[in-house]
Protein chains: 2
Amino acid sequence: MVKKKDPAVCEGLCRHPDTVCLAKAELVSDSCAQSAAALFKVLGDPTRVKMLHALLKREMCVCDLAAVVKMGQSAVSHQLRTLRGARLVKYRREGKNAWYSINDEHVASLLCQGLEHAQHP
Amino acid sequence: MVKKKDPAVCEGLCRHPDTVCLAKAELVSDSCAQSAAALFKVLGDPTRVKMLHALLKREMCVCDLAAVVKMGQSAVSHQLRTLRGARLVKYRREGKNAWYSINDEHVASLLCQGLEHAQHP
DNA sequence: ATCACACATGAACATATGCTCATGTCTAGT
DNA sequence: ACTAGACATGAGCATATGTTCATGTGTGAT
């Protein structure tokens, strides 16, 4: 009788309590899963992928980014807002222009890994 | 006059044509950005992050996964469907159970990088 | 001061997403 | 054959998301 359920620990919801208990013990916290998912979610839009990819090589201002990804200035500005919110990009103002760039190497690395994976189906 | 616009190449939509032309030349293709974004989008949900994290260490069946992430069987099954669609997990059937596991190391690496980044704000 | 430009932002809208509920399918045991 | 268990799937619904349109803000040139 090696696979008897243990309601006290696993709440009787599973077929393989040992596995479930182990997995539960190791499971990431809600907040951790939340923030990782939030990060990926921001990366999960083709427009933002293109924008970040363009920013990999150089600092760019909003209207140039708009021209590159072939979108309206407003759309690009909204996307930059969410990218800023997730701290994936930073910006500096210079006169009338706002120059955006990738925030850190970690972000660049993640993006490149995703792009690379996408090319090898 | 180093910054004259070149409508033939940049369509007159930008302030810094040289930069835009360079960025356009290097820009990832639509389909490439699409598939990278699709990959990230699938990773961009806390429930799926938890499920994948649990699968990092061990193969699991559906009802056990449901117990671990504290969700209904149907919800988990739907999520597994999208994970399968993105080829992030694979599964094998054994009698009445379906055993799921991470599809490849690349996926695991991406997930871990995301989780790690999320813990260093 | 006025104007044009670069950018940000709010509202509105269509679409996408994730969950629940109900039901279908397949397998194993009787 | 019949039933129960494990899983898959379709419909429905509430919420989230991305774009456009209109407008607001701040800067520099005239």
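Below, read A as the first sequence line, B as the second, and so on, with proteins coming before strands; counting in each chain starts at 1.
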Which residues share a side chain to side chain contact (heavy atoms under 4.5 Å, CB included) with [X], sequence neighbours left out:
X: A:S109; answer: A:Q113, B:Q113
X: B:L56; answer: B:H53, B:I102, B:A108, B:L111, B:C112
X: B:A38; answer: none
X: B:T47; answer: B:D45, B:M51, B:M71, B:Q79

Sugar-phosphate only, base, or nothing, as touched by A:T82 at under 4.0 Å among non-hydrogen atoms: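 No contact.
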
Which parts of nucleotides 1-8 of chain D does protein reach within less than 4.0 Å, heavy atoms only, written one letter per nucleotide 5' to 3' as B for base, S for sugar-phosphate only and - for none? ----BSBB

Using 0.5 Å steps for rounding, measure from the CE atom of A:M60 to the CZ atom of A:R58.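 Output value for this atom pair is 6.0 Å.
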
Distance (rounded to the nearest 0.5 Å) between A:N103 CG and A:L52 CG: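 A:N103 CG to A:L52 CG: 10.5 Å, rounded to 0.5 Å.
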
Is there a path of hydrophobic side-chain contacts, each under 4.5 Å between heavy atoms of I/L/V/M/F/W/Y residues, joining A:L27 to B:L88?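 They do share one cluster, since a chain of ILVMFWY contacts under 4.5 Å joins B:L88 to A:L27.
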
Can you tell me the distance, in whole Å, between the CD atom of A:Q34 and the C1' atom of D:dA16?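 Result: 13 Å.
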
Between P of D:dA11 and NE2 of B:H78, the distance in whole Å: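 Spelled out: NE2 on B:H78 to P on D:dA11 is 11 Å.
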
Where at least one partner belongs to residues 30-42 of chain A, residue pairs that pass salt bridge (charged side-chain N to carboxylate O under 4.0 Å, His left out), sequence neighbours excluded: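 Of all non-adjacent pairs touching residues 30-42 of chain A, those that pass salt bridge (charged side-chain N to carboxylate O under 4.0 Å, His left out) are A:D30-B:K50.
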
Please list all pairs meeting salt bridge (charged side-chain N to carboxylate O under 4.0 Å, His left out) that have one or both residues in residues 95-106 of chain B, counting only residues at least two apart or in different chains.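 Pairs touching residues 95-106 of chain B that pass the test: none.
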
Within residues 36-45 of chain A, find the residues that approach DNA chain D with a heavy atom at under 4.0 Å, and present them sorted by residue number.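 Contacts with DNA chain D under 4.0 Å: A:K41, A:D45.
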
In residues 48-58 of chain A, what residues come within less than 4.0 Å of DNA chain D, judged by heavy atoms?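 Within residues 48-58 of chain A, the residues near DNA chain D are A:R48.
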
pair B:V89-B:V107: side-chain heavy atoms closer than 4.5 Å: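 The answer is no, as the side chains (C-beta and beyond) never meet within the 4.5 Å cut-off.
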
Can you pull out every ring pair (Phe, Tyr, Trp, His ring centres under 6.0 Å) where at least one residue sits in residues 78-103 of chain B? Sequence neighbours excluded, please.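 Listed once each, the pairs are A:H16-B:W99, B:Y91-B:Y100.
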
Please enumerate all residues that pass ring-ring contact (aromatic ring centres under 6.0 Å, His included) together with A:F40, with sequence neighbours excluded.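 Residues passing ring-ring contact (aromatic ring centres under 6.0 Å, His included) with A:F40: none at all.
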
What is the minimum heavy-atom distance between A:L83 and A:V42, and which atoms define it?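 Taking every non-hydrogen atom into account, CD2-CG1, 3.6 Å.
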
What range of DNA chain C does chain B touch, first nucleotide to last, counting atoms under 4.0 Å from its heavy atoms?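 Contact boundaries, 5' end first: C:dA6 to C:dA28.
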
